[in-house]
4 protein chains.
Amino acid sequence: MATTRVDEAADEAPVSRVQRKRDRRIQEILTTAAELFGERGYDAVSLEDVAERLDVTKGSLYYYFPSKDQLGISAVETLGNRWTARLEELLAGLDGPVHDRLRGLIGEHISIAVRDYPAGLRMFLVPQDWPEQQRAVIKELRQRHDRLFRELIDEGVAAGDFTVTGVDAALRCMHASMSQSAVWFAGLEGQRLERAIAELTDTLMMLVGVMPGAGTAPDQA
Amino acid sequence: MATTRVDEAADEAPVSRVQRKRDRRIQEILTTAAELFGERGYDAVSLEDVAERLDVTKGSLYYYFPSKDQLGISAVETLGNRWTARLEELLAGLDGPVHDRLRGLIGEHISIAVRDYPAGLRMFLVPQDWPEQQRAVIKELRQRHDRLFRELIDEGVAAGDFTVTGVDAALRCMHASMSQSAVWFAGLEGQRLERAIAELTDTLMMLVGVMPGAGTAPDQA
Amino acid sequence: MATTRVDEAADEAPVSRVQRKRDRRIQEILTTAAELFGERGYDAVSLEDVAERLDVTKGSLYYYFPSKDQLGISAVETLGNRWTARLEELLAGLDGPVHDRLRGLIGEHISIAVRDYPAGLRMFLVPQDWPEQQRAVIKELRQRHDRLFRELIDEGVAAGDFTVTGVDAALRCMHASMSQSAVWFAGLEGQRLERAIAELTDTLMMLVGVMPGAGTAPDQA
Amino acid sequence: MATTRVDEAADEAPVSRVQRKRDRRIQEILTTAAELFGERGYDAVSLEDVAERLDVTKGSLYYYFPSKDQLGISAVETLGNRWTARLEELLAGLDGPVHDRLRGLIGEHISIAVRDYPAGLRMFLVPQDWPEQQRAVIKELRQRHDRLFRELIDEGVAAGDFTVTGVDAALRCMHASMSQSAVWFAGLEGQRLERAIAELTDTLMMLVGVMPGAGTAPDQA
DNA sequence: TATGAATGAGCGTTCATTCAT
DNA sequence: TATGAATGAACGCTCATTCAT
């Protein structure tokens, strides 16, 4: 702990204690807001709702965000960034055949969706719920997100490991399905959840032509 | 008048002319409401909007429906029934190999989604948008809907034409993807739309193990 | 009364009874709003205030006006039109030397200001209180209003009856002063009020070079 | 320290250094607030605005003033005192015929209004904008202000240089017009502004019977 | 049956004010 | 002294709902 303190002291970042505290508060708000928006959709969440869950008054939110829209944008950004970061991290630590890596990525994505942001994916799923401006942000995040999957699929196709009708179509179906997983698996836990995730993952692998039970390599015949 | 009465008596239902007129009016309202909800989603449609498109006043709607929620329920039923009926009809007119029939069903479903009810599928996709009560109705419709696909897949699996990791998983992914199609293909028209639908259909067939361009059997070579 | 009814029936204006009632209600609201805006200024009057004085709820106002701004615009227009109409009417009935007519016009203007719209002139006086859009309306009304005075002054100057440094400057000072008269004479009544108005009128006539006690003609020397 | 104490003792007021600092701060705040109120009017200025221009936080203002209203009162006093002081100063430096002095006074008043406190005069013009308490302060300032003009006019009338219907009426019209000058001349600059002020001044002189271009005496020819 | 009118709860937003630090 | 944070009342506005006619 002392070490940590020293580290912080050593870090000459120009953020004051006050600023850090403010940042922390902002993160709290953002997390709570993202939760709620994810659960009910943008329109259905009032600032009163957000404030109540944070145990402050509506007006206080305006100390940190100039409007509901801005809060929405920031919440989406925060959620999306965290998510993507986790996937990027995972991917960085993986090697082996491309279909194993894709399988890993899909599994992790579903895991996050189900375990950490049970409703967070709604945003990506139904961007129509959001005001024009936020949609741009959502779209951008989605693309960053998409790229991780797309690169793997491209690689697999190039290597002849994957077969697709179209990369876009496959990707879209994959995301649509993963985005729904939190709804489907809500309530499942432990072994049951594991198995459900595994089955879904296998099913989604079929979208790139990897048949179930085909073991590791699709082209072993 | 006597004549009218006779006519009514001949009619097997004991509905008066008045009642029939009322029913007709209700259907008009339902159709219009379903249209609007389909276009913009439940929350984004006000009773004023519905009334205006019907060229009546807001208050009049309350003569037929006790609340917006009830109107919503009924409208969803209308929409869902119509949708399912179209699919059932199509299916009744199809024969040939099971994968061709499934392909036809998927294609038609996407067609309806994209062309007729751009936002209609959101109801099935994100039932959280709807008040508790409606969700039951939605769920039931969904099941009827689902059954059409499930029976075909079961048949294909039994015949050895389809390979799946799990029927449920495959179905879910199929529906999740079809439900998004309206969003993905919004703006597309004519040839471009046809091709997009075809590609999506082919991709979804892979979920039951039918490879693209594999003709009839998935992997008989 | 019967006659009146007949007249109304004879009048084939396409306004239904319902429409007339609505119009009457709108006039009530407009009058009340104009009163309040005049008393306290645009910003200081809330829709709640207007509603309360009308003994309805805030929301009801929106049945008649789409926004506070629109209510403001309409209120200004109503007030201004009525005012101008009265002055035009008066002027139509006047003849005689130009300074007598100007004197009459000024007197009537002050009379209306003090007796009928004690605070209504604030709008013309402090248009900064109003949103951009309303100012345009106010400005236009002011000009119509202004024209009545300007024409008389021009005529007097042309006839050599009036002497001015500049017509604009004289007009402006005249209006600024008349606009304040309601504040100055608030509380005065009967003879006292008459005398106050007369004195102010005489003073204002000096702005066009008509000396007090100069009798009827300014150039009798 | 001792020195300091001696200095303070020498100073006739028993104000500590701390107190002087506080006073200075208060003056800063008052000046800034008066500026802002003068520019935009009382209602349109928020404490946030005042704080921002002072580069402090909103909360800090409450260390010096118990409420916005109190700040308003004091700011008006500051503004009014400064204004009156400038006029008194000018007057002290003037001699010559009374109409020249009046002309000078009017010109300076308009100059201040247009150039320094564009919205400042609204306070005097429309005291309804202000909370009850401030009105007393405003009224008093107004009287001090008024006296400067009244004394000159009285002198001129006594000397036979001025002719008025009534001193009060003339004064009122004069002030009403001068108060509007900021509105009328907003946007004018340089030569154009000079000329406008000159013309308005000449016009106002007519209120005391001084004809334009009549040189020194009104109608001695 | 259908309408025009009204209601009232709720929304996003602003801002004077308070207060622990 | 001064700050950052929070509060709560008020605002303009929307809309599902009610009701006399």
Side-chain angles (χ1 to χ4, degrees), chain A residues 16-19 21-22 25-26 29 43-51 54-72 131, chain B residues 18 21-22 25 43-51 54-72 131, chain C residues 16-19 21-22 25-26 43-51 54-72 131, chain D residues 18 21-22 25 43-51 54-72:
Chain A
S16 63
R17 211 170 310 111
V18 140
Q19 182 59 32
K21 192 170 173 190
R22 182 181 175 88
R25 194 92 183 90
I26 288 182
I29 296 174
D43 284 337
V45 171
S46 75
L47 289 186
E48 189 69 51
D49 294 334
V50 179
L54 284 163
D55 211 37
V56 298
T57 58
K58 227 182 353 175
S60 300
L61 298 179
Y62 281 87
Y63 188 69
Y64 298 99
F65 298 93
S67 70
K68 186 187 176 185
D69 276 12
Q70 258 311 320
L71 174 57
Chain B
V18 153
K21 191 170 173 196
R22 183 182 170 88
R25 198 92 186 86
D43 284 337
V45 172
S46 78
L47 287 188
E48 190 68 53
D49 295 333
V50 179
L54 281 163
D55 212 35
V56 298
T57 59
K58 225 184 346 177
S60 301
L61 297 180
Y62 280 85
Y63 186 74
Y64 299 99
F65 299 91
S67 70
K68 185 187 176 186
D69 280 7
Q70 260 309 322
L71 174 58
Chain C
S16 62
R17 211 171 309 110
V18 141
Q19 182 59 33
K21 193 170 176 191
R22 183 182 174 88
R25 194 91 184 91
I26 288 181
D43 284 338
V45 172
S46 74
L47 289 187
E48 189 69 51
D49 295 333
V50 179
L54 283 162
D55 211 36
V56 296
T57 58
K58 225 183 348 175
S60 300
L61 299 179
Y62 282 87
Y63 188 70
Y64 298 98
F65 298 93
S67 70
K68 187 186 176 185
D69 277 12
Q70 258 311 320
L71 174 58
Chain D
V18 152
K21 192 170 171 193
R22 181 181 172 87
R25 197 93 186 86
D43 283 338
V45 171
S46 77
L47 287 187
E48 191 67 53
D49 296 333
V50 179
L54 282 162
D55 212 35
V56 297
T57 59
K58 224 183 348 176
S60 301
L61 298 179
Y62 280 85
Y63 188 74
Y64 298 99
F65 298 93
S67 71
K68 186 188 176 185
D69 280 7
Q70 261 309 322
L71 173 59

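None of the values given here were measured: they were computed from a predicted structure.
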* Asked: Phosphate oxygens OP1/OP2 of E:dT1: is one of them under 4.0 Å from a side-chain N or O of B:Y63?
  -> yes
* Asked: So, is A:S60 close to the F:dT7 phosphate, meaning a side-chain N or O under 4.0 Å from OP1 or OP2?
  ->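 Checking A:S60 against F:dT7: at least one side-chain N or O falls below 4.0 Å of OP1 or OP2.
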* If you look at every heavy atom in B:A51 and B:T57, which pair is closest and at what distance? -> CB-C, 3.7 Å
Grab the [atom1]-[atom2] distance between [X] and [N] for me, whole Å please.
X: A:I26; N: F:dA5; atom1: CD1; atom2: C1'; value: 12 Å
X: A:K58; N: E:dG10; atom1: NZ; atom2: C1'; value: 8 Å
X: B:L54; N: E:dT3; atom1: CG; atom2: P; value: 10 Å
X: D:E48; N: F:dG4; atom1: CD; atom2: C1'; value: 11 Å
X: C:Y62; N: E:dC11; atom1: OH; atom2: C1'; value: 13 Å
X: D:Q70; N: E:dA16; atom1: CD; atom2: P; value: 15 Å
X: D:D43; N: E:dA16; atom1: CG; atom2: P; value: 10 Å
X: C:R25; N: F:dA20; atom1: CZ; atom2: C1'; value: 15 Å

* To do: Between D:T57 and A:T57, name the one whose nearest nucleotide on DNA chain F is closer to the 5' end.
  => D:T57
* To do: Quick one: look up who E:dT3 pairs with, Watson-Crick or G-U, both distances under 3.5 Å, and put none if it's unpaired.
  =>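 Base partner found: F:dA20.
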* Asked: Got a second to check how far C:S67's OG is from C:L47's CG, nearest 0.5 Å?
  ->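 Taking OG in C:S67 and CG in C:L47, the distance rounds to 8.5 Å.
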* Asked: Roughly how far apart are B:R22 CZ and B:Y63 OH, rounded to 0.5 Å?
  -> 5.0 Å
* Asked: Is there a donor and acceptor pair closer than 3.5 Å between the side chain of A:K21 and the base of F:dG4?
  ->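 Not at all, since no donor on one side and acceptor on the other fall under 3.5 Å apart.
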* To do: State, with a plain yes or no, whether a side-chain heavy atom of C:K58 is found less than 4.5 Å away from one of C:D49.
  => no
May I ask you to say what [X] touches in the nucleic acid, namely base, sugar-phosphate or nothing, with a heavy-atom cut-off under 4.0 Å?
X: B:S46; result: sugar-phosphate
X: A:Y64; result: sugar-phosphate
X: D:R22; result: nothing
X: C:V45; result: sugar-phosphate

* Asked: Mapping A:L47 and C:L61 onto DNA chain E by nearest heavy atom, which one lands closer to the 5' end?
  ->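 Taking each residue's closest nucleotide, the earlier one in sequence belongs to C:L61.
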* More 5' along DNA chain E: B:V56 or A:D69, using each one's nearest nucleotide? ->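 By nearest-heavy-atom nucleotide position, the 5'-most residue is B:V56.
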* Between A:K68 and A:V45, is there a donor-acceptor pair closer than 3.5 Å when you use the side chain of the first and the backbone of the second? ->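 Such a contact is found between A:K68 side chain and A:V45 backbone.
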